[in-house]
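For reference, the structure is listed below as structure tokens.
When a residue number appears, it is its place in the shown sequence, counting from 1. All values below come from the heavy atoms of this structure, side chains included, with hydrogens, waters and symmetry mates left out. All of these numbers come straight from a predicted model, not from anything done at the bench.
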Amino acid sequence: MQRVYSLLVDNNPSVLSRISGLFSRRGYNIDSITAGVTADPKYTRITIVSSGDELVLSQIERQVRKLEDVREIKVLSPENSVFRELIMVKIKADADQRTEIISLADIFRANIVDVKQESVVIEMTGNQQKLEAFLSLLDGYEILEIARTGITGLSRGSQDVTILE
């Protein structure tokens with residue numbers, strides 16, 4: 001089972017290290033982790049995707065909640081949240097292949113961010129299913145490099161927004 005946690009934490013040095021250290025010490029798995037400063041520079045939002053059974057996932061939530069820098073933790077459910085991930089793919093492409101690859105990127109609303117004689121770099125955001133579908137269609141091409149950010153997400157609506165003073 002996989003769960004997405006959204007943490008609002010104080011923007012202090014080594015806060016990310018303390019959170020990841022908790023996972024490491026307890027033997028919990030981190031499938032992906034993203035972090036970025038919020039609209040208020042005093043706080044950082046961290047999105048962690050973790051997997052395990054129900055007992056492990058509830059222990060993660062309880063343990064993270066106890067950390068000093070953590071102001072809020074939410075479990076983001078797929079039906080009440082929006083998830084996105086960024087992927088960049090460098091594909092080996094000659095002149096003939098470049099046209100095909102660009103057409104494929106257009107279908108997925110991806111952006112061509114770099115074109116060279118021998119390669120194309122594509123940037124795309126979306127949910128994991130969209131990114132996986134795009135990658136599967138690149139099966140016949142030589143993928144030189146891939147970089148993925150991991151999932152980030154927010155809950156839908158404004159009912160559970162936390163305002164910190």
Side-chain angles (χ1 to χ4, degrees), residues 1-9 16-17 19-24 26-38 44-61 63-64 72-161:
M1 181 185 319
Q2 203 174 52
R3 192 162 289 160
V4 180
Y5 301 97
S6 178
L7 285 61
L8 192 60
V9 300
L16 190 57
S17 176
I19 291 169
S20 63
L22 178 141
F23 276 75
S24 176
R26 305 269 182 190
Y28 301 144
N29 189 43
I30 295 176
D31 297 332
S32 80
I33 186 167
T34 60
V37 176
T38 65
T44 295
R45 176 152 328 270
I46 299 174
T47 306
I48 300 173
V49 180
S50 192
S51 50
D53 60 24
E54 185 59 43
L55 178 63
V56 166
L57 294 172
S58 15
Q59 285 176 337
I60 288 172
E61 185 177 347
Q63 294 297 319
V64 170
E72 176 187 58
I73 180 170
K74 291 181 197 173
V75 175
L76 299 180
S77 64
E79 57 276 357
N80 295 319
S81 305
V82 178
F83 301 126
R84 291 292 181 268
E85 183 175 359
L86 168 73
I87 188 170
M88 293 178 68
V89 184
K90 184 186 296 181
I91 306 161
K92 185 174 182 179
D94 58 26
D96 295 334
Q97 293 174 316
R98 196 173 305 121
T99 304
E100 298 168 11
I101 293 168
I102 290 171
S103 295
L104 187 60
D106 286 343
I107 292 168
F108 280 85
R109 295 189 190 120
N111 298 313
I112 308 299
V113 294
D114 186 59
V115 177
K116 297 290 182 204
Q117 288 283 351
E118 70 289 344
S119 67
V120 175
V121 177
I122 298 173
E123 166 195 83
M124 186 168 72
T125 59
N127 61 33
Q128 282 187 313
Q129 293 82 6
K130 177 182 176 182
L131 301 182
E132 292 301 328
F134 178 69
L135 289 174
S136 72
L137 291 175
L138 292 176
D139 192 33
Y141 300 98
E142 184 179 347
I143 295 176
L144 300 172
E145 292 182 285
I146 295 179
R148 294 179 86 151
T149 60
I151 293 173
T152 192
L154 292 172
S155 59
R156 295 181 187 273
S158 60
Q159 291 77 13
D160 66 347
V161 173

Just how far is it from atom [atom1] of [X] to atom [atom2] of [Y], taken to the nearest 0.5 Å?
X      : Y      : atom1 : atom2 : answer
Asn111 : Met88  : CG    : CE    : 10.0 Å
Asp114 : Glu123 : CG    : CD    : 11.5 Å
Glu145 : Ser119 : CD    : OG    : 9.0 Å
Ile46  : Thr38  : CD1   : OG1   : 11.0 Å
Ile146 : Ile91  : CD1   : CD1   : 8.5 Å
Leu55  : Met1   : CG    : CE    : 10.5 Å

Exercise for the section: Show your working on side-chain contact (heavy atoms from CB on, under 4.5 Å) between Tyr5 and Val75 and close with a plain yes or no. Expected result: CA-CA 5 Å; Tyr5 301 97; Val75 175; 3.9 Å; yes

Practice task
Could you please spell out the steps behind the side-chain contact (heavy atoms from CB on, under 4.5 Å) verdict for Leu154 and Arg45?
Solution key: CA-CA 10 Å; Leu154 292 172; Arg45 176 152 328 270; 3.7 Å; yes

Search all heavy atoms of [X] against all heavy atoms of [Y] and return the closest pair with its distance.
X     : Y      : value
Ala93 : Val120 : CB-CG2, 4.1 Å
Asn29 : Ser51  : ND2-OG, 3.5 Å
Leu57 : Ser50  : CD2-O, 3.9 Å
Ser58 : Arg3   : N-NH1, 4.1 Å

Practice task
Taking the side chain as every heavy atom from C-beta outward, state whether Val49 and Ser32 have any atom pair closer than 4.5 Å.
Solution key: yes

Problem - Any side-chain heavy-atom pair of Ile122 and Phe134 under 4.5 Å - result: yes

Donor-acceptor pair, side chain of [X] and main chain of [Y], under 3.5 angstrom:
X      : Y      : result
Ser20  : Leu16  : yes
Arg98  : Gln117 : yes
Asn127 : Gln129 : yes
Thr34  : Gly150 : no
Ser81  : Pro78  : no

Exercise for the section: Determine the sole option in Ile30, Val4, Asp31, Ile151 for which the side chain to side chain contact (heavy atoms under 4.5 Å, CB included) test with Ile48 is passed. Expected result: Ile30

Handout entry: Criterion side chain to side chain contact (heavy atoms under 4.5 Å, CB included) against Leu7, the qualifying member of Ile73, Thr44, Thr47
Key = Ile73

Exercise for the section: Could you tell me whether Arg148 atom CZ has more than 12 heavy atoms of other residues or ligands within 6.0 Å of it? Expected result: yes

Handout entry: Carboxylate-amine/guanidinium proximity below 4.0 Å for Glu118 and Lys90
Key = no

Problem - Residues Lys130, Arg84; criterion side-chain contact (heavy atoms from CB on, under 4.5 Å); working and verdict - result: CA-CA 10 Å; Lys130 177 182 176 182; Arg84 291 292 181 268; over 6 Å; no

Practice task
Quick one: do Asp53 and Val56 satisfy side-chain contact (heavy atoms from CB on, under 4.5 Å)? Show the steps, please.
Solution key: CA-CA 5 Å; Asp53 60 24; Val56 166; 3.3 Å; yes

Handout entry: No-hydrogen, no-angle side-chain donor-acceptor test under 3.5 Å, Gln63 and Tyr28
Key = no

